[in-house]
Every structure is written in structure tokens, then in C-alpha cells.
Amino acid sequence: MLPRTPLARAIVAALFVLALSALHSSASGQTQDEEELPRIEEKTEGMRELDGFVPLFWEEATGRLWMEITRFEEELLHYVSLPAGIGSNDIGLDRGQLGPQHVVIFRRIGPKVLMIEPNYRYRALSDNAAERIAVEDAFAVSILWGFEVKAETGERVLVDATDFLIHDHHGIARQLRGTEQGTYELDASRSALYLPRTKAFPRNTEAEVILTFTADSAGSWVGSVAPSPRTVSIRQHHSFVELPKGGYEPRRADPRAGYGGVDYVDFAAPLGEPMVTRLIARHRLQKKDPSAAVSDPLKPIVYYLDPGTPEPMRSALLDGARWWNEAFEAAGYRDAFRVEMLPEDADPMDLRYNVIQWVHRSTRGWSNGRRVTDPRTGEILKGQVTLGSLRVRQDYLIAEALLAPYETGDETAADVPELTEMALARIRQLSAHEVGHTLGLSHNYIASAQGRASVMDYPHPLVRLGADGRPVLDDAYAVGVGEWDKVAIAYGYGEFPEGTDEEAALDRILTEARDRGITFLSDQDARPRGSAHPQTHLWDNGAAVAAELDRVMGVRQAALERFGERAIRRGMPLATMEEVLVPLYLFHRYQVEAAVKLIGGLDYAYSFRGDETVPPTFLPADEQRRALAAVL
């Protein structure tokens, strides 16, 4: 019942206000006590510590991983990768695949720590700090994550990194959806830290997680590789890495040199000068004696082969990758490029190791060479090669189709060594090719028309007919790096004596190669649609493209006439003959595409104004007619 007089009501109201005030004060005092952060040493007591570049603490009882942050406003590299894949080339999520790479800084704002990626696509290379800030403020940065500070000691803070790590940074769900395999989503309840591959070192910290994705229904590709297709578990690896501090000299790109790299817009460029700066991607390599024509390196480039590679493929991959040392020797280095077996205790995802991985899939697929690159300078920090294990078996199949070697059906591989020799010759070349990408090099598809001048071309087996009319495979694939490869390495890695005009020296490397008939043309000039260059194509051979098509048709015809039961071993179902027949029946297909490009073909080269390059020229009519006749 409310008080009846105004005075009584006023007294009650005053008492109510006082009670609320006391309650608020009590609550405020309690909240303030609760918000006082513990020291890191108290918070992590009993946890397993992994001390390194970014210290980690494993809390067994909760299954959480804590991260100590000490490097505020200091740039470092974060990237993710897949140490274990799904196993389908069509889906495209393979073991060893590199994912997003970011230069990041940690910035504390009150109770939060933000992980920020600066914008290196737009810069101002100026001594004027205000000019640099004007460009920085003109373009967005990306805040990749926000952490809550849970403990602190001095300037050091502790954050819970678990949710950050157990997150689909690689875009696995997006890739599954994009390949129409289902609407997969990350299931955190079935995801966890993977401690065997979570480690900390002085210059890098590595953390790995198991991510589980679920969907109501699954596509056929997932169904072909996953034991329970609606549930797919895959491991994702995180690397936090110290970035190089200095001593690396970026090298400007030249379209004639055949390098990938990084580019950015420089708003401080003088008027009349290009605003876009392009830098090549290359490893750091320096001579001990820059004045010497040939010198040992300060530190060699070392690649490591996956110990899971069996023989005889292991020796073939080592041999092919080691070909590159010849190119570095031609560029003035002694023993600057080495290939060894990966140590047993090494993690192939670790940035400290350039790795060649032997990767299995349910179907044959592309191999690739990728790299982790400092986006500020173009310096390659890690090469990561993925070699599909089924490629060697595909070339073995092609050799079986060409030779139909099983006279009795009981022959073994040892009885027909040509089969193995051709298959191994192919993956030697493949090893060199993919390592070349991780050295910074792009495809060079005109090389096959210039005497097999580069391992960076896609090689078609060069098969000839012997005196008895049978296909001969002893020169199916070239051995060693080509002349273009030596030119490219000299351009990218050559070091010049003090006082040398480097720009002029680099230009001289390319112009002298051009004068010898050694040039570079890449993907956009080689594809069957969108290009009319007559000598730049994938999987073709020879400079006389139409004549080579006629020759290839002769080889194909001779092999088809021999084809039959001798193409498979005794005890194999006769239906498997069709698997051997397919690559033989289509043996000519790429040379046909190459010959088609001669019809209306336009010969040209990458060039600059004033460099004396022959201008673009249409192919003579008689060559076009020969190509048309060969195609028809």
C-alpha cells in the first residue's frame, strides 16, 4: 500500500533512491575488482609453454591455446596452408597447398588487440611523412581479427587464440560450395588443436588445427574420397613468421624476363613517370665475392624433397630439381642451389624449408609451384612444390599405348625398360618445371620452338619412328635446363661488380639472348583462344609447326596400327584397353591446336620502343596454307 501523505511519499522516494545508489556502488565495486587483469604468469600457471617468436600456452583442461603478444606495431607475416588435403583434384584442396598470406601488425586499443593488415597495394615512396600518411589514410586497411586481452605483464598481453585458429581462413567451405559439393559449414564442436604440429621457434611460430565441415548432402567428388561425405575433416596450418629486416635489394620487373612478382602504385612517383612499380619475385642470393666472375654464395638456396616419395621417383625428382644448379653456375654462382631430403623432424609447412611434396589424389591432376613472398619487396621466403603422384603413371600409360609392348602378356617393367625410362624422364622435367615457378619464373611457351630452350614450357613427348617403323622413346623429354632458363636466372639472380650500371647490364642479358633467338612468351600468348602467335602453344614441339603435325600424325598412325591386346598385360580385363587407347587416339590434339594458330598467325615479341625488335608481322600466306592443309 502506498503512503497517503505527500511527506510520507517523499520520504519513501528518498529512501528508494538511496538504496539504488548503494546497490549501484556495490555493483560497480565488484565489476572493477573483476576487471583487474591477472599477470600472465598467474594465468598460465600449469599450462604447457611453447616459447618462441610468438609464445604459445596450451591449456589441457579446456583445450584452448593462448598466445602471448609482445610485438606491437611490428610487421610480421601470417599465412595458412593445408598440411592434409581432401584428395580430389577437381575440388582443389590438396596436401601442401598454400593459402592466404598477410603482412600484419598487432595494435592494442584498450581491452582489445587488433590484428591489422596494412595496404601495400598503394604507397608513397617519399621522405615526406605527411605525404606517406596521406596515401595510407586514403585507402582501407583490413582488420583480420580482434582479440580480448585476458592477462598482462608489463607491455606483454595474453589472448585466447583458439577461435582465431579454429576458423576457415583457407576458404575450405567456399571452395566446396564453389565446386558444387554441398553447402558445408565449419562445425566447431568437431574441430580442435592439433598439437603434434604446433611448435614455436625463435623466428617463427607454427600452429595447426583439425577443422570439420558438415553438410546435409554431398557432391560426387567428395563422395569419391571421404569415408562419410557429409562430414569432411581437414587440417589447416598457421604460421607467424618474422619478416626480413633488410639487406635485400628488390629488382624491377621486365616483361621480357619471364618473372612473376609484386606490383604497387606509388603516388609519390614524379609527374611523367609510371606510377605502377613492378618487382620480380626471387630468393635472396648473394655472392661472397661480388667482384668475382664465379663465387660461392653467402647462403645457398636449399630445397627439400618429401621423404614420402618412393623410388625410383625419388631419385628422378632429386635429379630434375638439381638441374637448376647449372643455371646458377652460368649466372656466376658455385653450388648455390641444392636439393636434399627433408629431415625427419622438419615440418614441410615451416617457412624455413623450401619443399617439394609428393601429393596423392584420387584422379590425376595438375602439379604446381607456389611461393610465400614478402609483398613489400618481392623476396621469396618459401618455395612450395606440389607434384601429383599420378602424373608418372600417366606417362607410363602413354608409353604403353605407343609401344604396345606386351608380346606374350607376361612381360614386367624390367622386361620393357623404355616404359619406366620415359615416365621418369617426364617427372624429372616436371620437378624442374615446378621448382622453376618457386624461383620466380613464369611459363615460357615459345621455348619448344627454340630448341627446347626451357623447362618452363609444357613438353609434349617427342617420339620418332625407328627403321622398323616402331615408335622410339629415347628422346621423349629433354634433359637439363635450357638456354632460356640460364638467361632468366642470370637476369633474376645475377650480381654485378660495384660500379656496374645494373639496369644496362640486365637489359644486355635479354637483348643478347634475343639476338641468339632465345625469347620469352607466356600464358596469354599460348592459349588456343585469345592468341594468334604461331609458335607459342602448350604441349607442342618444333619451330615448323605444320610439318610437326604431319610427323606426329605419322607416329600416331604407326602406333594405332600396332595397337591391340599387346597394349595390356595378361590377366587384365580387355575393357581396360580403352584406357590405354585414349592418350594414343588423342596424341595429336595439341599439335593440331598449335597448327590452327598459324592460320591468320601474327608473329611478335615483347618489346619496348626503340629496342630494335622486329615489329608484329603476319605469317606468310604459303605457311598459312601449309598449316591449313595439315589441319584439314
Side-chain angles (χ1 to χ4, degrees), residues 363-367 388 390-406 416-430 433 445 447-449 452 457-478 526-529 534-569 572 574-599 626-632:
T363 55
R364 185 176 64 87
W366 299 109
S367 298
L390 294 181
R391 176 59 64 89
V392 66
R393 299 181 187 274
Q394 179 71 9
D395 260 84
Y396 197 94
L397 187 73
I398 293 172
E400 287 179 313
L402 288 164
L403 297 183
Y406 305 116
V416 195
E418 299 98 315
L419 305 177
T420 299
E421 289 167 4
M422 174 174 157
L424 295 180
R426 174 66 182 99
I427 63 166
R428 287 188 192 95
Q429 194 279 340
L430 179 65
H433 178 100
Y445 289 126
S448 59
R452 292 170 153 183
D457 203 339
Y458 280 1
H460 192 272
L462 187 60
V463 182
R464 59 185 175 84
L465 295 178
D468 59 357
R470 298 180 58 189
V472 178
L473 312 181
D474 58 3
D475 191 33
Y477 296 106
R527 304 293 168 174
R529 288 179 291 180
Q535 291 188 324
T536 307
H537 199 67
L538 292 70
W539 311 110
D540 66 333
N541 273 314
V545 178
E548 177 64 12
L549 175 57
D550 289 337
R551 198 191 68 78
V552 164
M553 293 299 292
V555 171
R556 175 178 178 269
Q557 181 64 33
L560 285 172
E561 289 174 355
R562 289 177 46 80
F563 192 85
E565 290 186 4
R566 292 176 301 181
I568 60 174
R569 290 189 177 92
M572 296 289 292
L574 287 174
T576 58
M577 288 171 56
E578 67 180 19
E579 298 175 10
V580 190
L581 175 62
V582 168
L584 174 58
Y585 190 79
L586 298 176
F587 189 71
H588 62 307
R589 65 194 185 280
Y590 291 110
Q591 198 68 37
V592 170
E593 287 183 350
V596 167
K597 291 178 66 179
L598 270 66
I599 304 166
R626 278 198 296 272
L628 180 59
V631 170
L632 293 178

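Computation of the quantities below employed the complete heavy-atom set of this structure, encompassing side-chain atoms and omitting hydrogens, waters and symmetry-equivalent molecules.
- Taken to the nearest 0.5 Å, the OG1 atom of Thr536 stands 6.0 Å off from the NZ atom of Lys597.
- Between the side chain of Gln429 and the main chain of Ala478, no donor-acceptor pair closer than 3.5 Å is present.
- With a 4.5 Å cut-off on side-chain heavy atoms, Gln557 and Phe587 do not count as touching.
- Judged by distance alone, the side chain of Arg470 and the main-chain N or O of Leu402 form no donor-acceptor pair under 3.5 Å.
- Closest heavy-atom contact between Leu465 and Gly554: CD1-O, 4.0 Å.
- Looking at Arg556, its side chain does come within 3.5 Å of a backbone N or O of Tyr585 through a donor-acceptor pair.
- Annotation: ring-ring contact (aromatic ring centres under 6.0 Å, His included) contacts of Phe563 (sequence neighbours excluded): none.
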TODO: Test Arg391 against Trp366 for side chain to side chain contact (heavy atoms under 4.5 Å, CB included), laying out the working first.
DONE: CA-CA 8 Å; Arg391 176 59 64 89; Trp366 299 109; 4.1 Å; yes

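- Remark: Leu560 CG to Leu581 CG distance equals 7.0 Å, nearest 0.5 Å.
- The shortest non-hydrogen separation linking Asn541 to Gln591 is N-OE1, 3.1 Å.
- Within a 6.0 Å sphere centred on CZ of Arg393, other residues, nucleotides and ligands contribute 12 heavy atoms or fewer.
- Between the Ser367 side chain and the Gly388 main chain, a donor and an acceptor come within less than 3.5 Å of each other.
- Side-chain N or O atoms of His537 include none that pairs as donor or acceptor with a backbone N or O of Ser448 at under 3.5 Å.
- Taken from CG in Asp457 to CG in Leu538, the straight-line distance is 7.5 Å, to the nearest 0.5 Å.
- Between Met422 atom CE and Asp474 atom CG the span is 11.5 Å, to the nearest 0.5 Å.
- Residue Pro459 comes nearest to Tyr477 through the heavy atom pair O-CE2, 3.8 Å, listed as atom of the first residue, atom of the second, then distance.
- Atom CZ of Arg551 and atom CG of Leu462 lie 5.5 Å apart (nearest 0.5 Å).
- Taking a 6.0 Å sphere around OH of Tyr396, one finds it holds more than 12 heavy atoms contributed by other residues, nucleotides or ligands.
- Ile398 and Pro583 make their closest contact through CG1-CB, 3.8 Å (heavy atoms, listed as atom of the first residue, atom of the second, distance).
- Other residues, nucleotides and ligands place more than 12 heavy atoms under 6.0 Å from the CD atom of Gln394.
- Checked by atom type, the side-chain pair Glu565/Tyr406 shows no donor-acceptor distance below 3.5 Å.
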